[in-house]
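See structure below.
Any value given below was found using the heavy atoms of this structure, including those in side chains, with hydrogens, waters and symmetry copies removed. None of the values given here were measured: they were computed from a predicted structure.
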Amino acid sequence: MATLREKLSELKQGTNWSLLFGLSFFLLVVFLVLKLTFNFSDWLVRDKDAQLKQLQVLGEPKYTAERAIIEAIKQADLDSFFELDVKQVQELVTDLPWVASASVRKQWPDTLQVYVVEHKAVAFWNDDQLLNSRGQVFTAPQEGIKDSLPSLFGPEGSELEAWQTFNRFEELFAVNNLKLSSLALSERFAWQLWLDNGIRLNLGRDDKAKRVQRFIDVYPHLKKRQDVQVDVVDLRYDTGLAVQFKPLAVTEEEQKSKV
């Protein structure tokens, strides 16, 4: 008859301790995960009504007042930090006239951060709208604009082409000590340019750059006239141009000297 010691030895040899340890460890991990999940769910239930207490407006908005941003955000449901719809807040802020884009994020435990990027106005468009640096139209109050912006005109959908054309010719005129102040594209895609000295250039539809260069080459000779000044230059010809003159403007000082 086997002794007790021999039986215990046989039982020990038949036990797979690695399998037993692995199973125990797995059960322990499952237990811990379930406990953590339960505790987290319980924490969410207890703190689901945590409220926003701070708002941080980031970026450098120039034309959009912080009060306007706050009033826009108030239209969202701000009762719960967790349930706040960040996308809705972003849309509300972006709807403000001067705001080009906005990014919104929640920062635990009670802060809402809003980063605002405004449009950079580069030109007036059809008098009542504005163009940004990407050639996109937007509508915003113009009273606060301090920069001197050019005026561009054209049919819907031509905004980017008009802005690119203005930039191209503005550089060309600047090299020749002239300043382009306005540009118009008609419904028939004919171009007109205005210089800051009052001269209007009719370019037509084709060969715009070639016709502008023709004017630049001839202008030094045109401005030699002492009795009149250039009013309109018609460049809608394959060669040559037509010039319309107007009387010289009499300044206030000149009028006083004649009295």
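- For the residue pair R211 and L203, the shortest heavy atom distance occurs at NH1-O, 2.5 Å.
- At least one donor-acceptor pair closer than 3.5 Å links the side chain of N197 to the backbone N or O of I199.
- Ring geometry for F166 versus W163: interplanar angle under 30°, hence parallel rather than tilted (30 to 60°).
- The two residues H119 and V99 come nearest to each other via the heavy atoms NE2-O, 3.6 Å.
- Not a single donor-acceptor pair under 3.5 Å links the side chain of S158 to the backbone N or O of A162.
- For the residue pair W98 and A140, the shortest heavy atom distance occurs at NE1-CB, 3.4 Å.
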Practice task
List the steps, then state whether salt bridge (charged side-chain N to carboxylate O under 4.0 Å, His left out) holds for D85 with K87.
Solution key: CA-CA 5 Å; D85 188 344; K87 184 177 180 180; over 6 Å; no

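- Closest heavy-atom contact between A76 and L84: CB-CD1, 4.4 Å.
- Each of K106, Q54, Q107 was checked for a side chain to side chain donor-acceptor pair (under 3.5 Å) with Q113, and the lone residue meeting it is Q107.
- Atom CZ of F173 has more than 12 heavy atoms from other residues, nucleotides or ligands within 6.0 Å.
- At least one side-chain heavy atom of L112 sits under 4.5 Å from a side-chain heavy atom of V104.
- For the atom pair CG of D234 and CZ of R200, the computed distance is 8.5 Å after rounding to the nearest 0.5 Å.
- You'll find the ring centres of W108 and F81 inside the 6.0 Å limit.
- Remark: the backbone N or O of F245 is not paired with any side-chain donor or acceptor of Q229 at under 3.5 angstrom.
- Counting all heavy atoms, side chain and backbone alike, S182 lies closest to S151 at OG-O, 2.7 Å.
- The environment of CG in D238 is sparse: at most 12 heavy-atom neighbours from other residues, nucleotides or ligands sit within 6.0 Å.
- In this structure, L235 and R214 approach most closely via the heavy-atom pair O-NH1, 3.7 Å.
- Here the side chain of D207 pairs no donor or acceptor atom with the backbone of K210 at under 3.5 angstrom.
- Two residues are said to be in side-chain contact when any heavy atoms from C-beta on lie closer than 4.5 Å; V114 and V116 meet this criterion.
- Using modelled atom types, one side-chain atom of D77 and one backbone atom of D79 make a donor-acceptor pair closer than 3.5 Å.
- Panel note: side chain S181, backbone W194; a donor-acceptor pair is recorded below 3.5 Å.
- Between F153 and W125, the distance from one ring center to the other does not fall under 6.0 angstrom.
- In this structure, the side chain of Q75 does not engage the main chain of L92 through any donor-acceptor pair within 3.5 Å.
- Taking hydrophobic clusters as Ile, Leu, Val, Met, Phe, Trp and Tyr residues chained together by side-chain heavy-atom distances below 4.5 Å, V117 does not share a cluster with V93.
- For D206 and K208, the salt-bridge test fails: no basic side-chain N is under 4.0 Å from an acidic carboxylate O.
- When side chains are defined from C-beta on, K223 does not count as touching V230, because their heavy atoms never get closer than 4.5 Å.
- In this structure, CG in L185 is found 10.5 Å from CD in E159, a value given to the nearest 0.5 Å.
- With a 4.5 Å cut-off on side-chain heavy atoms, L130 and V137 do not count as touching.
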